[in-house]
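These notes are about the structure you will find just below.
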Amino acid sequence: MDNDRAGERTQTHGALAVASRLRLLDVLRASDGPLDVRELAAACDLHVTTVRFHLDVLTDAGLVRSQSCQSGTRGRPRRLYSPASRAVAPGGPTGYELLSALLARHWAGNRAERAQRAEQAGWAWSGQREPAPAPPAPTTTLDEAALHVNAVFAELGFDPELAHDGDSRQIRLHACPFRAIATTHPEVVCSIHLGMLRRALADIDAPATTVSLQPFVQPHLCLAQITPAAEPVHDQQAASPPDVGDQP
């Protein structure tokens, strides 16, 4: 990976590492059209100056676009903001070439075997993505790990929302780029996403956790759950997803 791409990756993760910026991005993605600073400030309950700062960060990271709009009155043109990408509509083509390649390579066996192979595919896919910058603290906390996973899903277009659920961290996935196939073969598609989740945690040396992914708890909502493990997990167990054999 060259230095320019590494810098872009670091910038994207930094932009998504603040809850207020994720909220702004969520509001923009949910909107039917572009919004200005005052509309975003009201929607997110933030000061206008704070919103302008966060929008500059998101724009520099390539996550938000802006445009000038003449209001018809004297004064400075109104600046409108929109997301650089939206949640993919069901049946949309984005991401399907990659998904088809994954399915063709790992599809085999009965339902349980397909789920196992799909989780392995997600683990391998996540490992082939450019690595995220290391967290600033020497030991990653559960909150830092959850923010990292939330950012990974945000980059991939899942429109995630990070929430607390007791001692656990819950990532609510409001949009699946692969929904059209996931509704037919959840044991494959959702297991791929589970493998990605496990690998994302392993790559940043997250604290011992148990993870789960519940598909379609609502028609357009899946839940990823990250829970502190009751007992310590040995280091070697984080090196590969469970029950996948020796295949990389």
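All residue numbers in this chain count up from 1 along the given sequence.
Put simply, Leu55 and Leu80 are part of two different groups of oily side chains (I, L, V, M, F, W, Y) that touch within less than 4.5 Å, one to the next. One hydrophobic cluster, built from ILVMFWY side chains closer than 4.5 Å, cannot hold both Leu197 and Phe216; they sit in different ones. Under a hydrophobic-cluster definition in which Ile, Leu, Val, Met, Phe, Trp and Tyr are linked whenever side-chain heavy atoms come within less than 4.5 Å, directly or via other members, Leu142 and Leu147 are assigned to the same cluster. Criterion: ILVMFWY side-chain heavy atoms under 4.5 Å apart, direct or through other members. Under it, Val27 and Leu63 are part of a common hydrophobic cluster. Hydrophobic clustering of Ile, Leu, Val, Met, Phe, Trp and Tyr side chains at less than 4.5 Å, counting indirect connections, unites Val48 with Leu25.
Using a 4.5 Å heavy-atom threshold, the side chains of Leu156 and Met196 count as touching. Residues Arg79 and Asp36 form no side-chain contact, since every pair of their non-hydrogen atoms from C-beta on lies 4.5 Å or further apart. Side-chain contact check for Leu201 versus Thr209: some heavy-atom pair is nearer than 4.5 Å.
Atom CG of residue Asp26 and atom CD of residue Glu161 lie 7.0 Å apart, to the nearest 0.5 angstrom. To the nearest 0.5 angstrom, Ser31 atom OG is 14.5 Å from Tyr81 atom OH. A distance of 9.0 Å separates CZ of Arg23 from CG of Leu46, quoted to the nearest 0.5 Å. Distance check: Glu39 CD to Leu28 CG gives 10.0 Å after rounding to the nearest 0.5 Å. Going from atom CG of Leu213 over to atom CG of Leu223 covers 8.0 Å, rounded to the nearest 0.5 Å. Here the CG-CG distance, from Leu22 to Leu58, works out to 8.5 Å after rounding to the nearest 0.5 Å.
The nearest pair of heavy atoms linking Phe153 to His193 is CZ-O, 4.1 Å. Residues Cys190 and Pro215 share a closest heavy-atom pair of SG-CB, 3.4 Å. Taking every heavy atom of both residues into account, Ala118 and Glu187 meet most closely at CB-O, 4.0 Å. Nearest heavy atom pair, residue His164 against residue Asp143, reads CE1-OD1, 3.8 Å. Of all heavy-atom pairs spanning Leu24 and Cys44, the tightest one is CD2-SG, 3.6 Å. The two residues Ala145 and Ala206 have their closest heavy-atom pair at CB-CB, 3.8 Å.
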_Assess the residue pair His47 and Phe53 against the criterion (side chain to side chain contact (heavy atoms under 4.5 Å, CB included)); give the C-alpha distance rounded to whole Å, side-chain angles, the decisive distance to 0.1 Å, and a yes or no._
CA-CA 10 Å; His47 193 276; Phe53 170 76; over 6 Å; no

_For Ile192 and Glu119: C-alpha separation, side-chain torsions, deciding distance, then whether side chain to side chain contact (heavy atoms under 4.5 Å, CB included) applies._
CA-CA 5 Å; Ile192 288 173; Glu119 185 175 340; over 6 Å; no

*Can you list the steps and then say if Thr227 with Asp167 is a side chain to side chain contact (heavy atoms under 4.5 Å, CB included)?*
CA-CA 7 Å; Thr227 304; Asp167 292 335; 5.8 Å; no

*Criterion side chain to side chain contact (heavy atoms under 4.5 Å, CB included) on Phe158 and Val152, from CA distance to verdict*: CA-CA 9 Å; Phe158 284 84; Val152 169; over 6 Å; no

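Checking Gln170 against Arg172 by side-chain atom types alone, a donor-acceptor pair falls below 3.5 Å.
Of the residues listed (Asp56, Thr50, Val51), the one engaging His54 in a side-chain contact (heavy atoms from CB on, under 4.5 Å) is Thr50, and it is the only one.
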